[in-house]
Number of protein chains: 2
Amino acid sequence: MIRLEKKNLCTSHGINDWKVVEECFSPETSYRNETLFSLGNGYLGFRGNLEEGSDGTGLEGTYINGFYETETIKYGEIAYGFPEKSQTMLNIANSKRIRIFVEDEEFSLLKGNLTAYSRALNMREGLLKRTLVWTSPKGRTIELDFERIVHLGRKHLAMIRIRLTPVEADYKIQVISTIDGNVTNLTVENDPRVGSGLQGKALVTENLEANGTFGLIRQKTKNSKQTVVCCVEHVLETDCRHVCKSFTGDSTANTVYEIESNAGNTVTLTKFIVYSTSHDFCESLLEQESKRILSSALKLGYDMLKQEHTDILEDFWKRSDILIIGDPLLQQGIRFNLFHLLQSAGTDGRTSLAAKGLTGEGYEGHYFWDTEVFAMPFFVYTNPEISRKLLEYRYSILDKARHEARLLSHQKGVKFPWRTIAGEECSAYFPAGTAQYHINADIAYMVNKYVEATGDYDFLAKYGAEILFETARFWADLGAYIENKGNKFCINCVTGPDEYTAIVDNNCYTNLMARENLYNAVKAVRWMKTNLPEEYARLAHRLNLEENEVIEWKRAADNMYIPYDEETHIYPQDDSFLDKPVWDFANTPAENYPLLLHYHPLVIYRHQVCKQADLVLALFLLGDLFSEEEKKKNYDFYEPLTTHDSSLSTCIFSIMASEIGYRQKAFDYFMETARMDLDDYKGNTKNGVHIANMGGTWMCIVNGFAGMRTYDGTLSFRPSLPDQWQGYEFNLSFRGRLIKVTVNRYATAYQLIEGDDICIMHYNEKIMLKRAVPEVRKNIG
Amino acid sequence: MIRLEKKNLCTSHGINDWKVVEECFSPETSYRNETLFSLGNGYLGFRGNLEEGSDGTGLEGTYINGFYETETIKYGEIAYGFPEKSQTMLNIANSKRIRIFVEDEEFSLLKGNLTAYSRALNMREGLLKRTLVWTSPKGRTIELDFERIVHLGRKHLAMIRIRLTPVEADYKIQVISTIDGNVTNLTVENDPRVGSGLQGKALVTENLEANGTFGLIRQKTKNSKQTVVCCVEHVLETDCRHVCKSFTGDSTANTVYEIESNAGNTVTLTKFIVYSTSHDFCESLLEQESKRILSSALKLGYDMLKQEHTDILEDFWKRSDILIIGDPLLQQGIRFNLFHLLQSAGTDGRTSLAAKGLTGEGYEGHYFWDTEVFAMPFFVYTNPEISRKLLEYRYSILDKARHEARLLSHQKGVKFPWRTIAGEECSAYFPAGTAQYHINADIAYMVNKYVEATGDYDFLAKYGAEILFETARFWADLGAYIENKGNKFCINCVTGPDEYTAIVDNNCYTNLMARENLYNAVKAVRWMKTNLPEEYARLAHRLNLEENEVIEWKRAADNMYIPYDEETHIYPQDDSFLDKPVWDFANTPAENYPLLLHYHPLVIYRHQVCKQADLVLALFLLGDLFSEEEKKKNYDFYEPLTTHDSSLSTCIFSIMASEIGYRQKAFDYFMETARMDLDDYKGNTKNGVHIANMGGTWMCIVNGFAGMRTYDGTLSFRPSLPDQWQGYEFNLSFRGRLIKVTVNRYATAYQLIEGDDICIMHYNEKIMLKRAVPEVRKNIG
C-alpha cells in the first residue's frame, strides 16, 4: 500500500550518523534541503537558505513560534460558528542574507565552478556548516566557510560566521549583509496540506536603521498588530584594509564591507542576529530590549556562545539519544528526528509545537493534536520540563477553548481548537477540523501521562486538573444517553483521527479516549480533595464545579457506548463503518495516493478506507483495555484498509505490529517512519518536516521494539530486536529516575543512572532497579 | 413551532383578489415591496423599483434568466472536486430609470407631499400601475400615472408608460430617461441564503449610444464573457412645446425631454425596452437583432402590445386559476403565487426556474430541485408545455452532469448539480449541496410524472429516456450491496432534503426515490424497445448501454434498502436518525430560528431535528407505497421534530395533514404557505419570492384539499373543504383533457371541458367523465 521512492540527499554515501551532509548543490533539491537544514530553538526558526540567496530555487524562511498574521477566512458558503479569522505563522524579515562580490563578480552556486563543496548539519553540536571552493566565471577562486547557529540557550539569538580566503590572488571583496523585510508567505493553491497562505506582504515596516556595523528593522503585521524587531551587529576580523558602510533601502538594512583581501589570508565576518516580538516585551521597549540582548551576546563573543550552545546539546543527547547498532543510515535518521523535535518545541508556556515545527509553512504553522499524541511522549520521557511547557500552552488557551465550546452551544467545558496558533479555532473545513473533538481527550490523556511519568503534582494542581475538569465537562455535555443504544452514553457527529471518515456517530477511538478523560478527571478530583482540599475548593468555586457534575462524569464514563462486534471481536471504527463497501484498492493506481488529492470527500467517506491509524491508535494508547486476541484481530482488520496517507500512521502500525509479534511489519513500517523527511517519502518535505512522525519514530523504538508501557503507573518493557540490527540503547526519564535500556539479540540490560530504586517490569517479571546494579534479562519471543 | 408575524402591505384593507395594492409608500417596506411588485416573463425580470430611483431604500434589479457572471470560489480549506467557479445571476443595466423634474425640483416620493398614491400589481392583466398626485416642496402639483409591462409574448420586450399632468399651473417639465449600466449585485455577508455575491462591477461597457429618442448599451461580463444589449426607444405624446436631447455618460445612455407643459394637459411618454444577450443571438448581430425587435414593437404600438400581453394572461388564468370562495385574502395570495410562477419559468429549454424566480438575488439566482418537486407540478397539470421546456433544460445540461459524475468518481451516469445556472455544480458547501444526490431522482420523478400526465412520448423518446437511463446508471454506481445490511442495496453518505441532517447512510427519501428512478428507467427501456426499437437501439448505442446494466437497475431497485422499524412502523430518516437525541425545542428561544443562522452545523446534525419535510415528502410523492397507518404514524413522528426553517416544508405538511385527516393542521400549514411572501413570514422576501412555496400552495389545494393523485396513471381525488371556505375550483390538464373540479361543502363536481372521455376516481369510485356531463359526487369524511 505504501509507495516508496527514495529521494536521498545527493550525499547519503559516507554516512556520518551525527551529520546530514549535502556533497553537491543542486537547484532541484534546494527547496527540500532548506527544510532539512533548518535550525531552530523552539522560538526562532531559520530555513537552511543559502546566505547569498536562493535565486528562486527555494523558500527563504524565517519564523518565530507564535508570531502570526490573521486574515478573514473566505467561505464559498458560510454557516454559523465557522472560524472567522485565519492564523498563519508569518515569514518574517530575512537576516540570513549575505552577498559576496569578488571584484565585479557576485558569488553564487549557480554560476562559476565549485571544486569543493559540502553542506553539513552537525546534529551533535547544532551547527549548520558549509565549506566550498568557488571559482568565478572569470577564474577568480575563493574558499568560503559558513557556520550558522540558532542558539538553544538564548532564544532570541542566531549567528552566522563566514570565513573567506582568496586562494591565489588578492581580490577586492565586497560583502553586503542585509536584513530584508520584503518577505511574504508562500502561496499554494489546491493543496489543503499547505493552506492558501497570506496574499502579499503582511508586514509594515515601522523603523529601519543602518548604522555602520549595526542594522535594525521593526515591522508590524497589518491585521493581528503584532510587532517584530530584528537587529544585527557585525564583527569583522581581518588584517586587510577595509571600509565599512551602511545604508537602508526599501525595508532593508544593509552593512557593506569593502575589503582589499590578500591571497591566503582569511577574512572572518560574524553576524549576530537578535529577533524579538511584542509577545516578549512591551512594544515601546522592543528595540531597547533587542539591543540589550544583542550587546550581551557581543560581549561573550562567538566562541563562548557556541560553547554554551553545544553544551546544551551535549546534555540533550546524553538524556535523549537513541543508539542503533548496525544501521548507520537509520541512526542518522533517528538523530535527525530527535534534533528537529528539540528545535521545534516552544518552551515558554505560551507556544507549542507546529506540525512542521519552524521549518516550513505547511499547515500554516498550526499546532494540532500531533503535539500531544505524537511529539510529546518523547519529551515526557526524556525532557519532561519541555512537555510541561507544552501543556502549559494548552492551559494558556483555555479561555479561548471555553469560547469555542460556547460557540458550539455547550454551556460548560472547553473545546480545544483542531488547528491554531493563538488558541482560536482556525480550521476552515469543519468535517476534518472542528469535528475532531477527540483533541480534547488527547490533551487530557497527555496531562495524565505527564503527571504519571513525572509525579509533577504541582502541575496537576496548577494547570492539569483544570484541563481535565473542563474537557470532562465538555464530553458530559456533548454526549447523550440514547435509548436505541441501550441507554448507553453516545457521542454523535464527530470525526475521529481517520479523516477519511467524517461526521460519524460513536467513533470508537473518541469514545474510548473520552471515557479515559472522564475517569481521569474523576481521579483528579479525588486526588485533589484528598491532597489539596483547599486548592480544590478554590478551583471548584472558580469553575462553578459541583459534586453532581463529577458524579455525572463517572456515570457517563461507566455507561460509555463502545462499538464492538461480539462475533468478530472487531471494534468498528464507528457506528456506520462496517456498513460501507471496502475501497477498491485493486483499481486505485499508485499515483492516486494520497486519496484526498484525487477523490471528492464524499467518495472517500462512503468507503471503508482509513487515512491513518484510528482504532489501532486506541489499541496502543489504551492498550490495557484490549486482549491480545482483540489487538491482533483489529490490527488485521484495519491494516489492509489503511492508506497511511497521513504521516501519523506508520509509526502507530509499527508499534502495534511489534506488540502482536509481526516483526517484519513492525520493522518495515518503522523504516518508512524513521527517515520520512531525509528520504522525502511523502514528496512534501519542502513544506517542512513531519514533526509527528519524528516523535513517532521515537515511540516505534521505545514503545514498539522495546515495548515500553506504563499501565497503572508501572514502567514495563517487552523488548525485542529487529533482525537487521545488532542492538539498541536509549535512556528514559521516569519519576525522577534516569534509566538506561540496552537491548541486544538475546537480552536486555536495565541500568538506573539517576534517582532512587524503582520497580519495573520485564515482560511479566518485576525487577527492582538499584543504582549502579545493571539488571540483565533474557528477551522473550 | 412556527413564528408568525404578519407584516402586511400597508394596504391589505380593501382586498381586491386580482390585485396587490400599496396604498402608501414607505421607505421601510420599499425593499420588500420591490420584490412583490416584480414583473417578469421567464426571460426578463424587473424588480418593482420606482422609475425615479429608490434612493438607497431598496435594490434596483434587472435580470435575465440564464445570464450570469462567474468568479473563482474561495475556500478556507479546499478539497478535491469542490466546484471551482460560482455562477451568479447578474444584475444588468437598469432601463427603468426615468427622472422627472418640475421646474427646478426633482420628483421623489421621499420629499414633498403625496395627496393620492396607489401602486398596484394587476395580476389578471400583468400590469404594474402607479398613480399619484405629488406636490413638490415648493408647492407645484402634478399627477403621475405609471404603467409597466414585461411582455409575456415577446420575451425581450418591456414597456413603461408615464402620464404626467400638471394640476394647476404650467410647468417646465424635464424628463431624463436613462439606461444605467453602473450596476452591481447585492453583497450580503453571513447569510448562506443570499450568497456573498459578486464584488464590484461585473460588466464592462462595450458600446453606448444616445441618439435622440434612442439609447443603447452593450456590456460584457468580465469572466463569463457573456454579452447583453439593452436598447430603448421613446415615444412622446403631447401637444406642448418640447425638445428632445440625448447624451451618454459613464455607462449611461440618456434621453432628455424638456416640455413646456400646460395645466390639465397630459403628457404621455412611452419607453420601449429590449434586452437580448449572446445566448440569444450571435455577438456580431446583437445590436442589429435588438433594434429589429424594438422596431417591430414600435410598429405595433403600446396598446396593441398590451392587448397581446393581456390575451396571453387571460388564457393562462382560464387554464390555471384557482378560485377560493369565502376568503379574498387567500384568493389574492394564491393568484399572486401562480402569477409569479408564470413570470419566473424559463420557456426556452435552456433556462429553468430560479429559487427566487427573477425577483431578487437570493441564492444567487440558482436553480435547485425546487423547480421539479415544488414548482413543476403546477405547470405539468395546467401548462404542460412549460414543464416540458423546464425538463428540456435538464436535458441540455446532461453533459455537464456527466462531467460532475466523473468528478465524483462515477464512471457512468449523470449527477445533476444541486445548485446551478448553466449546469455546473455551484454549491460551495457540499454537505448540504453536492451530497444531495436525491436531485437526480427528483428530476427523474418529474420526467415520469410529465409523461404520465401528458402522454408526451415524443419527449420521452427524445429527452426523457436519456435522463432516466443516465440517472439510473448513477444510482447503480453510487450504491452498494452491503453484507451487514442483509446484502441489501445501500446508498451511503448522502444528504436528504432535510439539510439539518447531513452525510448520512440510507436516507430513506433518497433510497425510495432512487428505487422509483431505477424502476422508471427499466420501464422506459421496455417501452422504447416495444414501441421505438430503432430509436432505442440508437440511444443505447450512443450511451453504451448494455442489457445487463438494465438488469442491474432492476436488481438494485428490488433489493433497495429501506430503513424501517417494524415495531413502531417508523421509517427512520436514515440509519442514524433514531440514535440521536431530540433537539431541545423547549429551551430554544423563538429568535434562534431558523436554527441554521444560530447553531453550528455539528450541533444541528447531532440532533433529531428537521429543517423541512424529508420522509414526509416521500409519503406524499410515493404515497401508494405506504399504508394509511404508516402515513399517520410517520407524520406524527416527524412533525414535532420539524422547524420548517425551509420554505419548502409547510406545503408538504399541509398536503399530508389533509390526507390523514388532520383538517385544522392542513389548513394552518396552508395558510402559512399561501401568503408567505405577501405577508413576509420569513422576513426575507426582499431577497426574492419563494418560488417553491408558491408551487407548494397550488399543491396544497390540488393535492392536499382536493386529494389529487395519479397512482398507476389514474387521476384520482379525495376532496375535502376547509371549514373556513365555502368552496373552491380549479382546472387540471391531464392527457389532453381539461377538467374542471369544483368543491363545495358537500360535494364535488367534475366537468370535462376539453378532450375525450376519461376515467377518474372519486375516493374509491370510478367515474367515466364525458364532455358536457358534469359528474357530482358527495365528499367523504
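Just so we're on the same page: letters track the sequence lines, and every chain starts at 1. All of these numbers come straight from a predicted model, not from anything done at the bench.
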Going by heavy atoms in the side chains, are [X] and [Y] under 4.5 Å from each other?
| X | Y | answer |
| --- | --- | --- |
| B/R606 | A/V494 | yes |
| B/V603 | A/Y80 | no |
| B/H607 | A/N492 | no |

At what distance, to the nearest 0.5 angstrom, does [atom1] of [X] lie from [atom2] of [Y]?
| X | Y | atom1 | atom2 | answer |
| --- | --- | --- | --- | --- |
| B/E77 | A/S86 | CD | OG | 12.0 Å |
| A/K580 | B/C490 | NZ | SG | 12.5 Å |
| A/S576 | B/D579 | OG | CG | 11.0 Å |

[atom1] of [X]: more than 12 outside heavy atoms within 6.0 angstrom?
| X | atom1 | value |
| --- | --- | --- |
| A/H403 | NE2 | no |
| A/E84 | CD | no |
| B/K400 | NZ | yes |

Original post:
According to the interplanar angle, ranging from 0 to 90°, do the rings of A/F430 and B/H600 count as parallel (below 30°), tilted (30 to 60°) or perpendicular (above 60°)?
Top reply: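 If you compare the ring of A/F430 with that of B/H600, the planes turn out perpendicular.
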Original post:
Who wins among A/D575, A/I73, A/L408, A/L407 for the most heavy-atom pairs under 4.5 Å with chain B?
Top reply: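 The candidate making the most pairs under 4.5 Å is A/L408.
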Original post:
Of all heavy-atom pairs between A/I482 and B/L578, which one has the smallest distance, and what is that distance?
Top reply: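 In this case the closest contact between A/I482 and B/L578 is CG2-O, 4.3 Å.
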Subject >> Contact leader toward chain A among B/P601, B/S427, B/G81, B/A480, where contacts are heavy-atom pairs under 4.5 Å >> reply: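 The candidate making the most pairs under 4.5 Å is B/P601.
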Segment of [X] engaging chain A (4.5 angstrom heavy-atom cut-off):
| X | value |
| --- | --- |
| B/K485 | side chain |
| B/Y437 | side chain |
| B/L478 | both |

